[in-house]
Amino acid sequence: MEVFFELIGDAESLRTVCEQLSKEPVLGFDTETTELDPYLGELRLVQFSTGKRSVIIDIRRFGSDPRANRDLEPLRELIESERTVKVAHNSKFDAKWVRHHLGCEVGGIFDSYLASQLIAAGESDRRHSLADVVQFFIGTELDKTQQVSDWSADELSQLQLEYAARDAAILVPLYTQLKERLEADGLTRVAELEFNAVMPVTDMELTGFYLDAARWRENIEAIRQERDRVADELQEMLSAGVSQSSLFGRPEINLDSQAQVHDALSNLGIPVPESTRASVLEPLAEEHPPVAKLLEYRGLQKSLTSFGENFLEFIHPKTGRVHSDFRQIGAPTGRFSCSNPNLQQIPHETAYRRCFHAGAGKTLIVADYSQIELRILAEFSGDTNFIGAFQSGVDFHAAAAAQVFNVRAEDVSPDQRSFAKRLNFGVVYGLGAARFAAMTGLSQAEAEGTLRKYFATYPDLDGYLRKSGDSALRTRLARTASGRLLKLRYDENDRAAAGAARRFATNMPIQGTSADILKRALRLIHDELRGTSGKLVNIVHDEIVLECDEADSTSVSEKLKTAMVSAAREFVKAVPIDVDVAISPDWTK
DNA sequence: GTGAAGGGCCAC
DNA sequence: AAACGTGGCCCTTCAC
């Protein structure tokens, strides 16, 4: 296919072409860069295409500091304009470069990567690279060989420029196809929600989260010493079951090998089940000291390997901060996932969390939704008693315990509250009696009885969960409040698979609506933070962390709370929403 | 040496 | 007969 393009490298033609392009309703939008990291590389090209006409802007021709170059103002206006839809594939990438190197936001985002993920609706075998999406929705091959070519050469080759133009041009027909499919599948609202969340996520990744390396190292050192001591004691205990085979002390067992540890424990006469995971070992720990020691070792070792020295490698040499990768549709439910490093799995202990703190003169605002998934479940079920437990305004689990066990709120025993709490969390996931018995120590019959009592207290909750599961299995579809879609695939002859599919499909609308709410909140707070010192630094499913000037902490925290409550209100009408906000020097509460 | 699978465990 | 949902990262093991 022959590709036509205009190469723009001077102020006058840039002004002219931007004025013409700004009249277009839809433009393909792409960038070429010399690196993958916007803090390390150069934004070389910005491309637009109407599908017929493609324009390549060579940013290098506008000097080494494009942020400061007034000649690029028409370009910034075009990029920021909400009137012209910008179709980009994984727009977060382009938005980061534009944000950092041109100093503007991208307005009117339509992201073909996110759109393709929404349409795939959880079908995991679908791929979402631009080439894959083009192949699937248009049916043509896209040559990506130039993607990794050298974009730092002063004279770009004809091949490179054609590639750059073609990548932008293909996005327009792709947009037509994707838009049609989004509408046909009832995904317009959720698509809007996703596209509006791209800029907040872009800014959050660029800002990064400050991690105090010195504090982190102190923590590691203390744990390492503890780990070495415990490992030694454990080796000693395990070798008691083995005949002395060497003059040089006991044979070493690899404590990280399940197989070796399993054998060693068996040799000591400890009846270890096939699995050696913590939940099956815990009941044995009291009677058998080596098992207790193993669990202690595992905890320390996990800390050291997942949250040890390696974590510090993620501190960026230029910014001194950690810039994780947030995948906006990381799970089929619509939840984010996070990697390199995963800031959504930092242990709760203060020792870790206090290493993430605000810079000098700054403070963190840490806000999270209280019981958001249970409130969503209450909303969906419409169950009067369940909603009533939230409306009572007191401790929810205690209120539920009072209802389930039919006692006055002030007479709820700690045990009753604990049962209610575990049931409340469990029902969201489709908890069964066997599992409930295992985690509480109740007999199977007692567990069944308690579950029955629970659902008798909340008959409409019971009804909702059954109906929701039935309908999902029948239609093989589930949706969240924003319309996010999940296609279920399972073998109906496989009972276990069908059971898992039911639990997944019942949980998805709840977990997914929580994700919808968070994404809506991200957009609202992003808009509210313009012109303030506030910046997003982290999100963890139902939690948002901001950093701002100490002087602004009160006003920013109020903005955050308002945004989060408003976002939830768009989806949850009948149940009160509660957001806990803390102003804190570090990521503790 | 590299990569996938499986076990294990951190978060919500 | 019966496994409570979603992720990422680490390690060992095993195949290539």
Side-chain angles (χ1 to χ4, degrees), chain A residues 122 124 253-262 273-282 294-295 297-311 313-314 324-349 352-353 368-374 376-377 422-440 444 447-448 451 465 468-469 472 478 480 486 494-515 517-518 538-544 587:
Chain A
S124 53
I253 289 164
N254 183 345
L255 300 177
D256 297 323
S257 160
Q258 301 97 258
Q260 292 182 36
V261 166
H262 182 274
E274 267 186 52
S275 167
T276 66
R277 63 174 191 277
S279 65
V280 310
L281 288 184
E282 257 147 24
L294 172 64
L295 291 173
Y297 168 78
R298 286 241 186 102
L300 294 165
Q301 182 66 2
K302 170 72 180 176
S303 296
L304 276 182
T305 54
S306 287
F307 310 108
E309 198 72 35
N310 50 347
F311 216 89
E313 288 163 20
F314 290 109
S324 294
D325 184 20
F326 287 87
R327 282 189 59 200
Q328 208 171 305
I329 304 179
T333 57
R335 267 196 181 182
F336 278 95
S337 68
C338 178
S339 56
N340 304 307
N342 185 353
L343 290 178
Q344 301 190 139
Q345 58 164 179
I346 304 300
H348 227 99
E349 290 103 285
Y352 296 96
R353 297 282 173 117
D368 67 331
Y369 287 105
S370 157
Q371 324 276 23
I372 190 64
E373 292 196 354
L374 285 171
I376 293 165
L377 179 57
R422 287 189 260 191
L423 281 170
N424 287 331
F425 284 121
V427 289
V428 182
Y429 303 136
L431 178 69
R435 183 67 176 240
F436 184 55
M439 71 196 234
T440 55
Q444 176 79 13
E448 280 170 16
L451 265 169
L465 288 170
S468 169
T480 70
L486 175 76
D494 182 341
R495 294 193 68 118
R502 167 183 280 272
R503 286 189 298 275
F504 177 30
T506 310
N507 176 259
M508 181 270 178
I510 301 161
Q511 191 182 113
T513 298
S514 170
I517 289 171
L518 185 87
N538 196 16
I539 47 175
V540 194
H541 306 308
D542 62 356
E543 174 181 348
I544 297 179
W587 190 20

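For the numbers below, each heavy atom of this structure counts, side chains included, while hydrogens, waters and symmetry mates do not. Below, chain A is the first sequence line, B the second, and so on; all start at residue 1.
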*Run the numbers on A/Leu486 and A/Thr333 for side chain to side chain contact (heavy atoms under 4.5 Å, CB included), then give the verdict.*
CA-CA 7 Å; A/Leu486 175 76; A/Thr333 57; over 6 Å; no
*Is the closest side-chain heavy-atom distance between A/Thr513 and A/Ile517 below 4.5 Å?*
yes
*asked:* Any heavy-atom pair between the side chains of A/Gln328 and A/Phe336 that's under 4.5 Å?
replied: yes
_Classify A/Ile346 by what it touches in the nucleic acid, base, sugar-phosphate, or nothing, heavy-atom distance under 4.0 Å._
sugar-phosphate
_Close side-chain approach of A/Pro332 and A/Phe504, heavy atoms under 4.5 Å_ = yes
*For C/dG8, does either OP1 or OP2 sit under 4.0 Å from a side-chain N or O belonging to A/Ser337?*
yes
*Going from CG on A/Asp368 to NE2 on A/His541, what distance comes out if it is rounded to the nearest 0.5 angstrom?*
12.5 Å
_Atom pair distance, as rounded to whole Å: OH in A/Tyr429 and P in C/dG7_ = 13 Å
*Between B/dG8 atom P and A/Leu300 atom CG, what is the distance in whole Å?*
18 Å
*Just by protein heavy atoms under 4.0 Å, how would nucleotides 9-16 of chain C read 5' to 3' in B, S and -?*
BSSSS---
_Less than 4.5 Å apart, side chain to side chain, heavy atoms only: is that true for A/Ile510 and A/Tyr429?_
no
*asked:* When the C1' atoms of B/dG8 and C/dA3 are compared, how many Å lie between them, rounded to an integer?
replied: 16 Å
_My understanding is that only one of A/Asn507, A/Ile372, A/Asn424, A/Leu465 makes a side chain to side chain contact (heavy atoms under 4.5 Å, CB included) with A/Leu377; could you say which?_
A/Leu465
*Send over the distance from A/Leu451 CG to C/dC4 C1', rounded to a whole Å.*
11 Å
Protein-nucleotides 3-5 of chain B N/O pairs under 3.5 Å:
none

*Just call it for A/Arg503: base, sugar-phosphate, or nothing, with non-hydrogen atoms closer than 4.0 Å on any strand.*
sugar-phosphate
*Touch check for A/Arg502, heavy atoms < 4.0 angstrom, all strands: base, sugar-phosphate only, or nothing?*
nothing
_If you compare every side-chain N and O of A/Arg298 against the phosphate oxygens of B/dC9 (OP1, OP2), does one of them come in below 4.0 Å?_
yes
*Between A/His262 and B/dG7, does any side-chain N or O lie under 4.0 Å from OP1 or OP2?*
no
*Describe the nucleic acid contact of A/Met508 in one word from base, sugar-phosphate, nothing, applying a heavy-atom distance below 4.0 Å.*
nothing
*Grab the CG-C1' distance between A/Asn507 and B/dC12 for me, whole Å please.*
11 Å
*asked:* When you compare the side chain of A/Thr440 with that of A/Arg422, does any pair of heavy atoms fall below 4.5 Å?
replied: yes
*Could you give the CG-to-C1' distance, from A/Asp542 to C/dG5, as a whole number of Å?*
15 Å
_Rounded interatomic separation in angstrom, taking NE2 from A/His541 and P from B/dC12_ = 8 Å
*Only one of A/Ile539, A/Asp542, A/Val540 forms a side chain to side chain contact (heavy atoms under 4.5 Å, CB included) with A/Leu518, so which one is it?*
A/Ile539
*What is the distance, rounded to the nearest whole Å, between atom CZ of A/Phe504 and atom P of C/dG5?*
10 Å
*If the plane angle is over 60° it's perpendicular, under 30° parallel, otherwise tilted; pick one for A/Phe311 and A/Phe314.*
perpendicular
*So what does A/Ala434 touch, heavy atoms closer than 4.0 Å: a base, only the sugar-phosphate, or nothing?*
nothing
*Nearest whole angstrom, please: distance from the C1' of B/dC12 to the CD1 of A/Ile517.*
15 Å
*So what does A/Gly426 touch, heavy atoms closer than 4.0 Å: a base, only the sugar-phosphate, or nothing?*
base
